[in-house]
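Reviewing the structure listed below.
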Amino acid sequence: MKSPLRRISFNVVLRLFASGREISDEALLRSVDQCRSLSALQKLHFEVASRRPLASDPAAAIKLMRAYALCGDPVGARRLFDESSERNVVFFNVMIRSYVANGRSHDALFLFSDMVRLYGVRPDNYTYPCALKACSSSENLAGGIQIHGSVTKLGLDSNLFVGNALITMYARSGNCLDARSVFDEMPHRDIVSWNAIIAGYSQSGLAEKAMELFREIRQSRRPRFDAGTMASILPAMSNAKQADIELTRAVFDEIRGRNLISWNAMIAVYANNSLPSEALNLFIKMEKEEIEPDVVTLASVLPACGDLSALSLGKKLHEHINKKQMLPNLILENALMDMYANCGCLPEAKEVFSNMKGRDVVSWTAIISAYGMHGRGREAISLFEQMKDSGIKPDHIAFVSVLSACSYSGLLDDGNHYFDMMKERYQLVPRLEHYACMVDLLGRSGQVEKAYDFVKKMPVEPNERIWGALLGACRVHSNMSVGLISADHLFRLVPKQSGYYVLLSNIYARAGRWKDVSVVRSLMASKGIKKSPGCSIVEIGGKVYNFYIGDRSHPRTKEIYAELEALLGKMKEAGYRAETDAALHDVEEEDKEGHLLAHSEKLAIAFALISSGEKTQIRITMNLRMCGDCHRAAKLISEIRGREIVIKDCNRFHRFEGGVCSCGDYW
DNA sequence: ATAGGGTTAG
């Protein structure tokens, strides 16, 4: 959004000077208003200064000051302010706003207090909203209260703009109750008042209160929604109820003046609620309507690409970012790294990281997670150390990244080391995510009982992640007793999640307890739980192919199965034997006519082998945990065909190369 | 001549 605007205004200036025609003062000032590029503005400024009487016109000076602020140069605005002989209240108002708009609230408030004390200029109804905004952005409650006092004395507290600014000031400094009473006592309210109070609740974590008001606007025929309403409700919409998401979509569809912000907000609602396909579909719709995405749009869409492993779209977005010269931009670069990592492209993630001009804790966390997810724990740890050396303090999430890296690579000692470090050296209180990593680490190292003790001693209530990690460990180490306990908790926490029933039946199957396997099966049936069908996705030449078990719908089905038969022969030579317990991966009957050979992972691998270049990496994404038989097969195939195969299952990445997997056969 | 709310990353 920024760059096209910049180009247009720059062209305006070029045309202006190249035309050689006489340009009216009015036209000149109009270009000052439109100008968003500092270098162009300086040319315009020079032109204004050379004209009489325009050069001494306060209106022209005001426009120039405003333009300097919009170009991100409050110092330029200040220069004009200082040079001007006329110093009325408008000059102060514009100068104060220039500071606020450029994040310099301190300078804004300084000038605000000077204007009366030193210059004897009295603030007016334009000044107070700006001064209050300076208090909001610096969370300066004391200053805000003081201004509230002056405003009340002057009777300006009934002013709409002042009231709206007061709401934000109180909410942002942690006083939602005061914000609400300002809102309730306002004689007149417009949509901005509603947005301000909704945003106040929403940003303070009072999601339900925010939603209440959001619904209320719709029912009352009062002010109509605008894009700002959607943006205001956004922070209250993570883990939102389906009904609320649908309501927001309905609002999005019906607001007038749908603009970039409303599109961005709606896309973000989907992206933040694990609805990546909806986010991408809306983005595609936005493109069709020829609305130019900006940095904010891209930062919301990239994570959705990562969630879906939509690499070709992700790459297109990267190209767009480069074409529009949006980099360097910390947020975008962080989002890009994450997208590449989640699409299984570690080298690309690394490249983005290496090219960054500045890195914050989010950047480091993203690259540490990237290495961790790909089973490269040692390198992840080394990056974590580099981050500390560079003076960046790890936070909660940074510790999640390093701990999960340890857990994915089975580095128990290192995990313990960092778990202690976060508590002792950084005084961070471990959260469920950190505990989950530790449970996973202990479980992986075979200490299932110890992991269970750890869970029992946790000061917080274990959640699905924790019991899921424990149940996973029980499957690998065939621990029946702890497995039953974990499964029991999981069935109560997430009764509809079929994956855990499958894990439990795997444990029974390994112990040869076939009766219990069928008990689990009938339990699922009685609860009406369907095993989610395994699906593997592979992208070839920018096209996405879905494979299901026993799939014969692909036009190249014959070749795919022929490739599988050929591979089976070679695999047998290498000692492969189909193992029966893996067949129980499928609790349902569906597998009867199918064969292990027809599992979706294998179909996708075979298809990728016959339809992509010889040395290219194969990337597959699937919705379940990889089954043991497919895992064994993938290892062998990577060796037989000399291909690197990266499979992202619902739990982690597996990178197969030369007959081994990066997960170390634990997942 | 000037004002208030609101969107993005691990």
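So that the names make sense, note that chain A is the first sequence line, chain B the second, and so on, each numbered from 1. Just so it is clear, the structure is predicted and the values come from calculations on it, not from any experiment.
- Distances from the side chain of A/N264 to the nucleotides B/dT2, B/dT7, B/dA9 place B/dT7 closest.
- Residues from residues 359-370 of chain A lying near DNA chain B, meaning a heavy-atom separation below 4.0 Å, are A/D360, A/V361, A/V362, A/T365 in numerical order.
- Sorted by first then second residue, the salt bridge (charged side-chain N to carboxylate O under 4.0 Å, His left out) pairs that include residues 353-369 of chain A, not counting sequence neighbours, number zero.
- Of the candidate nucleotides B/dA9, B/dT7, B/dT2, B/dA9 has the atom nearest to the side chain of A/N334.
- Regarding A/L70, its CG atom lies at a distance of 11 Å from the P atom of B/dT2, rounded to whole Å.
- For A/D33 and B/dA1, a side-chain-to-base donor-acceptor distance below 3.5 Å is absent, hydrogens and geometry of angles not being considered.
- A straight line from CZ of A/F81 to C1' of B/dT2 spans 13 Å, rounded to a whole angstrom.
- Contact of A/D395 with B/dG10 (side chain to base): a donor-acceptor pair of N or O atoms is detected under 3.5 Å.
- Ring orientation note: the planes of A/H374 and A/F653 are close to parallel, at an angle under 30° on the 30°/60° scale.
- Residue A/E86 is out of contact with every strand shown, counting any heavy-atom pair closer than 4.0 Å.
- The aromatic rings of A/F81 and A/F91 sit tilted relative to each other, their planes meeting at an angle between 30° and 60°.
- As a whole-Å value, the separation of A/L302 CG from B/dA9 C1' is 9 Å.
- A search for side-chain hydrogen bond (donor to acceptor under 3.5 Å, both in side chains) contacts involving A/N322 returns nothing, not counting sequence neighbours.
- Counting heavy-atom neighbours within 6.0 Å of A/N239 CG, excluding the residue itself, gives a total of 12 or less.
- Residue A/R97 places no side-chain N or O under 4.0 Å from the OP1 or OP2 atom of B/dT2.
- If you check every strand for non-hydrogen atoms under 4.0 Å, A/A227 touches a base.
- With B/dA9, B/dA1, B/dG6 as the candidates, the nucleotide lying closest to the side chain of A/I261 is B/dG6.
- Within 4.0 Å (heavy atoms only), A/A265 reaches no atom of the nucleic acid at all.
- In this structure, CD of A/E333 is placed 14 Å from P of B/dG10, rounded to the nearest angstrom.
- What separates CG of A/D25 from P of B/dA1 is a distance of 14 Å, to the nearest Å.
- Contacts of A/N329 with the nucleic acid, taken as non-hydrogen atoms under 4.0 Å apart, are absent.
- Side-chain proximity of A/N272 to the nucleotides B/dA9, B/dA1, B/dG6 is greatest for B/dA9.
- If you check B/dG6, B/dA1, B/dA9 against the side chain of A/Q203, the one that comes closest is B/dG6.
- With sequence neighbours excluded, no residue forms a side-chain hydrogen bond (donor to acceptor under 3.5 Å, both in side chains) with A/N175.
- In this structure, A/L160 reaches the bases: a heavy-atom distance under 4.0 Å links it to at least one base atom across the strands shown.
- For A/R66, a side-chain nitrogen or oxygen approaches OP1 or OP2 of B/dA3 to under 4.0 Å.
- Considering only the side chain of A/F161, B/dA3 comes nearest among B/dA3, B/dA1, B/dA9.
- Each salt bridge (charged side-chain N to carboxylate O under 4.0 Å, His left out) pair with one or both residues in residues 331-356 of chain A, not counting sequence neighbours, would appear here, but there are none.
- Within 4.0 Å (heavy atoms only), A/V94 reaches sugar-phosphate atoms of the nucleic acid but no base atom.
- In this structure, A/L80 places its CG atom 15 Å from P of B/dT2, rounding to the nearest Å.
- Not counting sequence neighbours, A/Q146 has no partner by the side-chain hydrogen bond (donor to acceptor under 3.5 Å, both in side chains) test.
- The distance between atom OH of A/Y126 and atom C1' of B/dA1, rounded to the nearest whole Å, is 9 Å.
- Atom-to-atom, CZ of A/F353 to P of B/dA9 comes out at 19 Å; the value is rounded to the nearest Å.
- Under the 4.0 Å criterion applied to side-chain N and carboxylate O atoms, A/E379 and A/R376 are assigned as salt-bridge partners.
- Nucleic acid contact for A/L234: sugar-phosphate only, since backbone atoms but no base atoms lie under 4.0 Å from a heavy atom of the residue.
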